[in-house]
Asker: 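Take this structure, written in structure tokens, and hold onto it; I'll ask about it next.
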Amino acid sequence: MDTTDKPVVKPVDFIRQIIAEDLKSGKHRTTITRFPPEPNGFLHIGHAKSICLNFGIALENGGVCHMRFDDTNPSKEEVAYVESIIRDVRWLGFDWGDKLFYASDYFPALYDYAVELIKLGKAYVCQLSTEEIRQYRGTLTEPGKESPYRNRSVEENLDLFARMRNGEFDEGSHVLRAKIDMASPNLNMRDPVIFRILKVPHHRTGDTWCIYPMYDYTHCLSDAIEGITHSLCTLEFEDHRPLYDWVLDTLRTPCHPQQIEFARLNLTFTVMSKRKLLQLVKEGYVDGWDDPRMLTISGLRRRGYTPASIRSFCDVIGLGKKESWIDMTVLENAVRDDLNVNAPRAMCVLDPVKVIIDNYPEGQVEEMEAMNHPQNPEMGSRMLPFSRELFIERSDFMENPPSKFHRLGPGREVRLRYGYLVTCTSFVKDEDGIIQEIHCTYDPASRGGSAPDGRKVKGTIHWVSATHALPCRVRLYDRLFLVENPEADRETSFKQHLNPHSRVVIEGAMAEPALVGIAPGAQVQFERQGFFCADSVDSRPGQPVFNRIVTLRDTWAKEQQKDT
RNA sequence: UGGGGGAUGGUCUAAUGGUAAGGCGGCGGACUCUGACUCCGCUUAUCGGGGUUCGAAUCCCUGUCCCCCAGCCA
């Protein structure tokens, strides 16, 4: 590249600007962020945005990003989710060293802080029922009213809170509330519950506790305990920031991290909420959290997406505070860009039709050399067996082709990639009008694919030798939903918009024989088709199963659509 | 109708009082042993109305529209 080119200045998002200023002003000497998932589901592409942000910023500033499980609600959380989250973040390429934490590690500290709050006269045990608390909270436009238990003595609160912790009360009968302001226009400040009784064993602390702290109370203190400098979260927590700050201002904590909110990721043609993804899994619309159609990290991994492509996607979508919709094509382009450079090429016929080269000697087999990557000779080459009977793509032949069709048709010449130039002489149809075989002649002087007389052949198609081909199963994946925003209409379920053809399974695809040894999980480009990967679960030695990651851009298909 | 946020081409992001820029998409073309890749060109934007200023996407006033909040979820 010409070094006189203008340098490309990558825009810096508003969060990085704030952090840069904090470093410059001396407010902080380092940057410590955290990624705080609740282990109640699998991570999805939306989380990837947050992961890349938090880990990315730490990396850029020579700081660290803590991995912290926000596990304060044992009724929804499981170790299986913890494990999947750890696997997914590692796979994305991030490392937290020894900074692996759990909010549940802080239960004792959180309890002590609560006692402190009570002593400060800033928290009280409330015996209102769930329903009563709701009623006392008021509405968006009307202030709430104070709980009759609000002005208990410190001693009584201390005693009651200790007894809550000791299991003397039933679930729902008592809660600990922060004493703030029942008339606050911010509902989060109307004496929020900070501890509730949950007689549920916790996946890490077992039955040590029967009271569990709430998110708002836990998160800020966990951040402070860990010395987080910047606590990045999504927009819906903006209203919670006053409470975050209240807790840290009221208590004596090691530090007071700054919460900054950004807009969550929305992607067209998918749903992003954990609840809806769970629903798809539980109701069997997909095969599991790692179904290749799912936009979970595990689903994307199984589909064949690379960590680098997801990182570059997160890089390119930007960061802001306005609700935005990223087009699915941006994600698809991210893998295409990565795989175009890094995936070796191969040939595979998805919908085979037989071609017989009448003037090719019966029984003869030639080895044709094929580049593994036309733009990168360093990736080497492989040999393709060529013989009298081949398979080509059914869609590469037309009985009455229009002039713009650069493929096979009666009397037309086409190049078999890395093979020979062949001309169609005739074809055979069955009684239903389905093409059974196509007869061609080949030009023996065109070995390798180029004519010695320099004649131009516009079309090049892929092929495999019929007797050498590896029959295999290929799954053609497409978008899970048919509409840009499946959640747009509150009246209709998002499930109404599921794409019935999001997975088309082909049993009789014919791959070039070299593919027999492909490693499970490895990506490859099937030339002229798309990028595929050998499925890491269903492939067997010598019997790969392929997932289509994404098609190649297809301007011919686009052209055809315009005609219809 | 309380509070908190947000409005820049179709879409996402930049410009931080000084020529409204880039990506994706779309359209057109070049190249090509992948109708891929690559390359070139084009298209379209500051939510409305006032004001301050030599100069406003940016500052002020005002209006409109959109999102979030009434879990003992996170």
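Chain letters run A, B, ... following the sequence lines, proteins first and then strands; every chain starts at 1. In what follows, every heavy atom counts, from backbone to side chain, and hydrogens, waters and symmetry copies are set aside.
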Asker: Do A:S50 and A:N54 pair up side chain to side chain, a donor and an acceptor below 3.5 Å, judged on atom types alone?
Answerer: yes
Asker: In what stems does RNA chain B take part, counting only runs of at least 3 consecutive Watson-Crick or G-U pairs whose two distances fall under 3.5 Å?
Answerer: B:2-7 with B:64-69, B:10-13 with B:21-24, B:26-30 with B:38-42, B:47-51 with B:59-63
Asker: Kindly confirm whether the side-chain ring of A:Y215 is stacked on the base of B:A74, judged by centres under 5.5 Å and planes under 30°.
Answerer: no
Asker: So, OP1 or OP2 of B:G35: does either fall under 4.0 Å of a side-chain N or O from A:R528?
Answerer: yes
Asker: Indicate whether the side chain of A:S231 and that of A:Q259 have a donor and an acceptor atom separated by less than 3.5 Å.
Answerer: no
Asker: Decide, applying a 5.5 Å centre-distance limit and a 30° plane-angle limit (both strict), whether A:H406 stacks on B:G35.
Answerer: yes
Asker: Taking 4.0 Å as the cut-off, does a side-chain nitrogen or oxygen of A:N333 come that near to OP1 or OP2 on B:G25?
Answerer: yes
Asker: Nearest of B:U13, B:C24, B:U34 to any side-chain atom of A:T329?
Answerer: B:C24
Asker: Among B:C73, B:G35, B:C12, which nucleotide has an atom closest to any side-chain atom of A:W325?
Answerer: B:C12
Asker: So, A:E131 and A:Q135: side-chain donor and acceptor under 3.5 Å apart, yes or no?
Answerer: yes
Asker: Just the rounded figure in Å: distance from P of B:G71 to CG of A:L198.
Answerer: 17 Å
Asker: Using a cut-off of less than 4.0 Å, is there contact between a side-chain N or O of A:Q17 and OP1 or OP2 of B:A15?
Answerer: yes
Asker: Looking at the side chain of A:K321, which of B:G5, B:C69, B:G25 is the nearest nucleotide?
Answerer: B:G5
Asker: In whole angstrom, give the distance that lies between atom CZ of A:F262 and atom P of B:C68.
Answerer: 17 Å
Asker: I need the NZ-C1' distance between A:K558 and B:G28, as an integer number of Å.
Answerer: 12 Å
Asker: Is a donor-acceptor contact shorter than 3.5 angstrom present between the side chain of A:Q529 and the base of B:U34?
Answerer: no
Asker: Taking for each residue the nucleotide of RNA chain B with the nearest heavy atom, is it A:L319 or A:T555 whose nucleotide lies nearer the 5' end?
Answerer: A:L319
Asker: Of all the nucleotides listed (B:G71, B:A74, B:C12), which has the minimum atom distance to the side chain of A:R134?
Answerer: B:G71
Asker: Round to a whole Å and report the spacing from OH of A:Y212 to P of B:C72.
Answerer: 18 Å
Asker: For A:F237, which contact category applies under a 4.0 Å heavy-atom criterion: base, sugar-phosphate, or nothing?
Answerer: base
Asker: Can you check the A:E261 CD to B:C69 C1' distance for me, whole Å?
Answerer: 13 Å
Asker: With heavy atoms under 4.0 Å as the rule, sort A:P36 into base, sugar-phosphate or nothing.
Answerer: nothing
Asker: Taking 4.0 angstrom as the limit, do A:R455 and A:D443 come out as a salt bridge?
Answerer: yes
Asker: In whole Å, I'd like the distance from the CD atom of A:E559 to the P atom of B:G29.
Answerer: 9 Å
Asker: Taking the P atom of each, how far is B:U43 from B:G6, in whole Å?
Answerer: 33 Å
Asker: By the rule that syn is within 90° of 0, classify the base conformation of B:G4 as syn or anti.
Answerer: anti
Asker: With a 4.0 Å limit, can you tell me whether A:R196 has a side-chain N or O closer than that to the phosphate oxygens OP1/OP2 of B:C73?
Answerer: yes
Asker: Answer with base, sugar-phosphate or nothing: what part of the nucleic acid does A:T130 contact at a heavy-atom distance below 4.0 Å?
Answerer: base
Asker: Counting distance alone, no hydrogens or angles: does the base of B:A36 have a donor or acceptor under 3.5 Å from a partner atom on the side chain of A:Q375?
Answerer: yes
Asker: Classify the nucleic acid contact of A:M347 as base, sugar-phosphate or nothing, counting any heavy atom under 4.0 Å across all strands shown.
Answerer: nothing
Asker: At less than 4.0 Å, is any side-chain N or O atom of A:K458 found next to OP1 or OP2 of B:U32? Yes or no.
Answerer: no
Asker: Pick base, sugar-phosphate or nothing for A:L128, based on heavy-atom distances below 4.0 Å to the nucleic acid.
Answerer: base
Asker: If the P atom of B:C39 is compared with that of B:U44, how far apart are they to the nearest Å?
Answerer: 24 Å
Asker: Report yes or no: is the cationic atom of A:R204 (NZ for Lys, CZ for Arg) closer than 6.0 Å to the six-membered ring centre of A:Y102, at no more than 45° off its axis?
Answerer: yes
Asker: Please measure how far the P atom in B:C65 lies from the corresponding atom in B:U1, and state the result in whole Å.
Answerer: 9 Å
Asker: Taking the ring of A:Y113 and the ring of A:Y106, is the distance between their centroids below 6.0 Å?
Answerer: no
Asker: May I have the distance from A:F313 (atom CZ) to B:C24 (atom P), rounded to whole angstrom?
Answerer: 14 Å
Asker: Does B:C72 have its OP1 or OP2 closer than 4.0 Å to a side-chain nitrogen or oxygen of A:R137?
Answerer: yes
Asker: For nucleotides B:U13 and B:A7, find the distance between their C1' atoms and express it as a whole number of Å.
Answerer: 14 Å
Asker: Reckon A:R336 touches a base, only the sugar-phosphate, or nothing at all at heavy-atom distances under 4.0 Å?
Answerer: nothing
Asker: Answer yes or no: is there an ion pair linking A:D105 with A:R68, defined by an N-O contact shorter than 4.0 Å?
Answerer: no
Asker: Locate the shortest heavy-atom distance separating A:P452 from A:A445; write the atom from each residue and the value.
Answerer: CD-O, 3.2 Å
Asker: Would you say A:R241 reaches B:G3's phosphate, i.e. side-chain N/O to OP1/OP2 under 4.0 Å?
Answerer: no
Asker: Check the phosphate of B:U13 against A:K322, side-chain N and O only, distance under 4.0 Å to OP1 or OP2. Yes or no?
Answerer: yes
Asker: If we ignore hydrogens and angles and just use 3.5 Å, is the side chain of A:E77 paired with the main-chain N or O of A:N73 as donor and acceptor?
Answerer: yes
Asker: Does a side chain donor of either A:Y305 or A:D338 reach within less than 3.5 Å of an acceptor in the other side chain?
Answerer: no
Asker: Classify the nucleic acid contact of A:S450 as base, sugar-phosphate or nothing, counting any heavy atom under 4.0 Å across all strands shown.
Answerer: base
Asker: Looking just at side-chain N and O atoms, do A:Y244 and A:D223 make a donor-acceptor pair shorter than 3.5 Å?
Answerer: yes
Asker: Taking atom P in both B:G48 and B:U8, what distance in whole Å separates the two?
Answerer: 11 Å
Asker: Using atom CZ of A:R417 as one end and atom P of B:U32 as the other, report the distance to the nearest whole Å.
Answerer: 14 Å
Asker: Using a heavy-atom cut-off of under 4.0 Å over every strand shown, decide if A:R190 touches base, sugar-phosphate, or nothing.
Answerer: nothing
Asker: So what does A:H219 hit on the nucleic acid, given a heavy-atom distance under 4.0 Å: a base, only sugar-phosphate, or nothing?
Answerer: nothing
Asker: Could you check whether A:T218 gets within reach of a base, just the sugar-phosphate, or nothing at all, counting any heavy atom under 4.0 Å?
Answerer: nothing
Asker: Of the candidate nucleotides B:C72, B:U1, B:C24, which contains the atom at the shortest distance from the side chain of A:V330?
Answerer: B:C24
Asker: Using a heavy-atom cut-off of under 4.0 Å over every strand shown, decide if A:F69 touches base, sugar-phosphate, or nothing.
Answerer: nothing
Asker: Scan A:L140 against the nucleic acid and name what it touches under 4.0 Å (heavy atoms): base, sugar-phosphate only, or nothing.
Answerer: base
Asker: Do we get A:R196 above A:Y212's six-membered ring, with its NZ or CZ under 6.0 Å from the centre and within 45° of the axis?
Answerer: no
Asker: So which one's nearest nucleotide on RNA chain B is more toward 5', A:D239 or A:F14?
Answerer: A:D239
Asker: Answer with base, sugar-phosphate or nothing: what part of the nucleic acid does A:E171 contact at a heavy-atom distance below 4.0 Å?
Answerer: nothing
